Number of protein chains: 2
Amino acid sequence: MYCLLKCAPLILAVAVCHGWLFGDFVGKQKELNEISLWPLPQKFQSSAVAFKLSPASFQIVHAKQSSAGPSCSILENAFRRYFEYVFGDLKKHEKSRKKVYDSDLVELQVWITSADPECNGYPSLQTDESYELSVDESSAVLKAANAWGALRGLETFSQLVYEDDYGANNINKTEISDFPRFAHRGILLDSSRHFLPLKVILANLEAMAMNKFNVFHWHIVDDQSFPYMSGTFPDLSQKGAYHPFTHVYTPSDVKMVIEFARMRGIRVIPEFDTPGHTRSWGNGIKDLLTPCYSGCSPSGTFGPVNPILNSSYDFMTEFFKEISTVFPDAYIHLGGDEVDFSCWKSNPDIQKFMVQQGFGTDYSKLESFYIQRLLDIVAATKKGYMVWQEVFDNGVKLKDDTVVEVWMGNKMEEELQNVTGAGFTTILSAPWYLDYISYGQDWQRYYKVEPLNFPGTDAQKKLVIGGEACLWGEYVDATNLTPRLWPRASAVAERLWSDKSVTDVGNAYNRLAQHRCRMVKRGIPAEPLFVGHCRQEYMGL
Amino acid sequence: MYCLLKCAPLILAVAVCHGWLFGDFVGKQKELNEISLWPLPQKFQSSAVAFKLSPASFQIVHAKQSSAGPSCSILENAFRRYFEYVFGDLKKHEKSRKKVYDSDLVELQVWITSADPECNGYPSLQTDESYELSVDESSAVLKAANAWGALRGLETFSQLVYEDDYGANNINKTEISDFPRFAHRGILLDSSRHFLPLKVILANLEAMAMNKFNVFHWHIVDDQSFPYMSGTFPDLSQKGAYHPFTHVYTPSDVKMVIEFARMRGIRVIPEFDTPGHTRSWGNGIKDLLTPCYSGCSPSGTFGPVNPILNSSYDFMTEFFKEISTVFPDAYIHLGGDEVDFSCWKSNPDIQKFMVQQGFGTDYSKLESFYIQRLLDIVAATKKGYMVWQEVFDNGVKLKDDTVVEVWMGNKMEEELQNVTGAGFTTILSAPWYLDYISYGQDWQRYYKVEPLNFPGTDAQKKLVIGGEACLWGEYVDATNLTPRLWPRASAVAERLWSDKSVTDVGNAYNRLAQHRCRMVKRGIPAEPLFVGHCRQEYMGL
């Protein structure tokens with residue numbers, strides 16, 4: 001009705017798009033319908049020649065020349081995962097391998113070319129995620145410098161396999177050369193406004209890998225609750241979580257998240273946001289927060305971290321010493337956004353301190369005073385840090401490798417220009433606040449964003465290292481988070497991975513509709529783009 | 001942040017509201033915190049005196065004086081369901097009944113007072129759903145005229161039980177006298193834009209019962225697909241469903257939905273919308289739809305049902321004969337909305353017919369011509385019918401018992417005035433199109449609607465028999481339907497059940513937050529209202 005009329009041009013576009021071309025594409029249209037790659041590889045060439053894959057004979061193996069072997073748990077784990085994805089319920093027949101035909105694809109050889117396949121490490125901002133994939137008679141070869149690139153290539157390989165009319169698995173002769181446009185491709189989840197059970201976090205890491213995201217920005221604590229269980233300061237979660245047993249992340253939980261993410265080439269960057277957004281911290285740590293005053297006496301409520309006490313910095317030193325060992329990534333996100341000055345203004349001790357320091361009435365100077373000391377504390381742990389844009393805006397002196405996260409939609413281009421103009425790396429999340437929902441296909445709005453569309457030199461553009469889709473937790477928990485995030489975040493995934501020229505919404509609709517059905521088939525309750533159906537519908541609730 | 005500031009007044013209101021009173025409430029505040037009734041009963045009186053319930057000793061039984069007994073499957077089924085809801089994982093201890101204390105509540109007696117408890121029938125528009133519930137020393141009594149009222153009372157009883165600090169089940173001394181404000185309290189689900197697996201429909205019938213909804217308006221087919229498997233015309237689903245085996249409702253599925261709904265006092269009203277919204281019908285029934293023309297030749301596309309062929313009416317006669325026997329409810333929804341005239345206008349045979357009938361160029365006359373004949377066909381099956389408002393607006397002659405559904409937000413009050421002014425019963429869905437989503441707590445907007453707020457006499461107001469929350473299917477399927485519907489639809493549930501004076505949003509927030517946690521505990525992934533947590537979070541995905 002309203003919708004049919006509204007969307008008719010789009011549906012038409014999709015129908016017309018079946019014959020899309022890109023790269024050096026050659027081949028017939030029929031087979032093309034089956035192609036549903038997401039995000040789209042950088043270079044792609046395919047032909048109508050198809051091979052069949054049987055679960056009885058097909059194998060994913062280490063290439064002879066590969067520097068990695070069976071001891072590489074990342075790859076061994078991934079081989080199994082992608083075998084399952086490709087063949088689903090079809091079990092691998094026991095040893096009785098059936099006859100192999102000429103038209104069969106019998107193996108995918110994974111060839112790691114660097115001396116160090118990085119099987120025991122963690123992905124980083126510098127990780128080379130490129131890969132080359134060649135599917136030809138009888139075997140396919142996936143070449144990557146390291147295990148991380150191989151993970152991306154395995155995902156692509158699994159997306160190339162399609163069912164023919166008889167339900168048999170097919171793959172076309174294909175050549176792919178692929179690499180990400182941006183190095184930092186993140187998802188922010190917030191486990192403070194609502195606690196997110198481990199199962200939900202792991203499921204979303206799965207979905208991230210299906211979309212080639214490589215950073216889990218874990219906004220783990222905030223005003224509302226402190227679910228992170230600290231070994232050094234157990235009272236933080238004991239008194240600051242919604243519940244000290246059922247609504248916390250134990251050290252073992254955190255390890256599991258990090259390892260599950262590592263297996264999928266995903267970095268885990270925790271955010272411990274201060275000095276604002278810290279109400280829950282105050283339950284466990286005496287005197288950490290600023291007492292607010294009503295007239296001449298304390299009102300009983302508390303504001304941001306108290307920046308005038310040495311004890312605050314002593315605490316932060318101990319706390320971030322722990323965090324820097326628990327989380328292996330080279331970066332910690334230190335927040336620094338939305339500091340409310342009203343409580344500081346009400347407090348006579350703070351007022352006195354302002355005078356002593358000569359800050360006048362400019363409380364952003366006090367904020368910078370705090371942040372500056374915090375950054376030095378964290379730098380001493382040998383970690384890099386990420387911060388929200390206010391920290392840069394307030395003129396805090398930042399380390400060269402600081403990543404500034406631009407989240408304010410207002411004057412976003414100007415901010416990117418300023419941050420990169422000052423020589424800092426930056427990531428963009430402003431256009432991708434997925435907690436804001438509206439009727440219809442808002443993924444198209446996310447998809448149309450061009451991150452480098454701001455005034456600046458080539459050198460400045462190079463400082464934009466990626467972006468993040470943020471799903472703040474005010475209105476989501478285990479009941480609705482996953483379908484609200486997917487496939488809306490997939491639009492951001494393609495924007496951050498594929499070439500700048502990949503902008504056709506009609507073409508994207510077609511591929512994304514298939515990609516979301518693939519996620520559903522793999523157990524992720526990704527919501528529909530529009531009317532239609534999947535061959536296999538979601539069978540949960 | 002933005003949200004904290006925005007919502008602060010509400011949070012405050014909730015805190016202040018802990019001491020709310022209603023009815024003839026007496027008692028202490030402490031116990032009141034535990035009360036989370038939804039929708040709020042008409043008359044409610046409670047005291048701080050509390051009794052304990054043990055799964056080892058507590059029973060739900062038929063009262064001696066009751067006209068119903070163990071052969072009443074509706075009640076037997078409900079007794080088990082509500083025992084489970086109350087005690088959850090706690091299994092009923094084997095015969096070893098432990099000591100009973102004076103402060104224990106040992107039984108709930110269910111007393112059906114009418115000679116006919118209606119155990120073998122179906123609920124109807126005329127059903128008396130009132131009940132009286134008295135909880136006092138050692139036993140509680142639930143009195144209702146029939147099984148349907150008892151179902152509503154059992155839900156209320158289960159909502160009165162709360163866990164104390166030791167995890168023990170408590171219930172306060174309470175007197176309740178309750179009845180619905182409106183007789184028709186519906187949920188519309190759409191299984192055509194997306195197929196809804198049986199499991200999803202049943203789960204939502206469960207949730208409906210938890211909210212005292214009593215009508216499932218099943219928008220079962222539409223343009224996009226025809227999942228209803230017809231015995232008389234198997235080609236309708238064979239050729240019109242998304243898939244003839246995996247995306248259809250078999251006769252057995254339909255029976256199961258109807259019986260599952262009956263067990264919960266819910267009517268199932270199927271909608272077979274014509275003459276528009278019928279694209280999928282055309283796949284299975286030759287010549288049913290109007291061929292559209294492009295200039296002088298058929299364009300290959302089709303419009304609404306062809307109203308000038310006798311074969312169309314012959315088909316409808318046979319088809320609705322089947323529908324009238326498959327669905328036991330006294331009403332069928334015949335649609336009649338959004339007929340697009342462009343195809344009719346393009347067709348030379350239709351043009352000729354218009355001239356013959358003296359319709360001029362007023363195609364709404366042709367629409368009425370069709371609808372009038374259809375209504376007569378359906379009336380001959382002894383069914384009543386519901387229609388969307390356009391049918392009334394176009395001046396079609398309607399049976400006295402027709403229910404006109406007002407769905408257009410524009411001039412809604414005027415429409416209610418006109419429909420009731422003409423003496424027809426009406427239901428309202430215009431303010432409750434839950435497929436439209438937005439950021440934040442839109443349930444409050446649904447909650448604030450007053451259905452009788454239109455100019456009219458008392459007699460006219462009495463003709464408003466209820467309303468429906470509609471979740472059209474363009475953007476929902478099994479992945480996201482349930483959390484998108486609940487607890488947003490709960491706001492509509494209270495508006496349609498509780499007294500007109502129950503309008504305090506702060507009070508509602510408090511109760512609804514608890515009610516949604518109760519739904520979660522019972523396995524329904526109802527999404528959160530705002531920040532916070534449930535004692536038991538959702539454990540699915």
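Just so it is clear, the structure is predicted and the values come from calculations on it, not from any experiment. Reminder, nothing fancy here: chain letters follow the sequence lines and each chain counts from 1.
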task: Could you tell me which portion of A/His247 (side chain, backbone, both or neither) has an atom closer than 4.5 angstrom to a non-hydrogen atom of chain B?
output: side chain

Contacting region of A/Leu529 [heavy-atom separation from chain B under 4.5 Å]: backbone

field: Name of the residue among B/Phe195, B/Tyr249, B/Trp281, B/Phe272 meeting ring-ring contact (aromatic ring centres under 6.0 Å, His included) with B/Tyr228
entry: B/Phe272

Portion of B/Val476 that has a non-hydrogen atom of chain A nearer than 4.5 angstrom: backbone

query: Hey, mind stepping through B/His219 and B/Trp388 against ring pair (Phe, Tyr, Trp, His ring centres under 6.0 Å) and telling me if it holds?
result: CA-CA 12 Å; B/His219 189 86; B/Trp388 296 108; 7.2 Å; no

message: For the interface with chain B, which of A/Glu527, A/His243, A/His194 has the highest count of heavy-atom pairs at distances below 4.5 Å?
response: A/His194

Side chains of A/Ser192 and A/Asp190, donor plus acceptor under 3.5 Å: no

- request: Please name all residues satisfying disulfide (SG to SG under 2.5 Å) with A/Cys470, sequence neighbours left out, ordered by chain then number.
  value: none

- line: Applying a strict 4.5 Å limit to non-hydrogen atoms, the region of A/Glu537 in contact with chain B is side chain

message: Can you tell me which portion of B/Pro528 sits under 4.5 Å from chain A's heavy atoms? Options are side chain, backbone, both or neither.
response: both

message: Donor-acceptor pair, distance only, cut-off 3.5 Å: does the side chain of A/Glu390 make one with the backbone of A/Glu338?
response: yes

query: Which residue out of A/Thr246, A/Val520, A/Asn480 racks up the most heavy-atom pairs below 4.5 Å with chain B?
result: A/Asn480

Contacts of A/Tyr242 that satisfy ring-ring contact (aromatic ring centres under 6.0 Å, His included) - sequence neighbours left out: B/His533

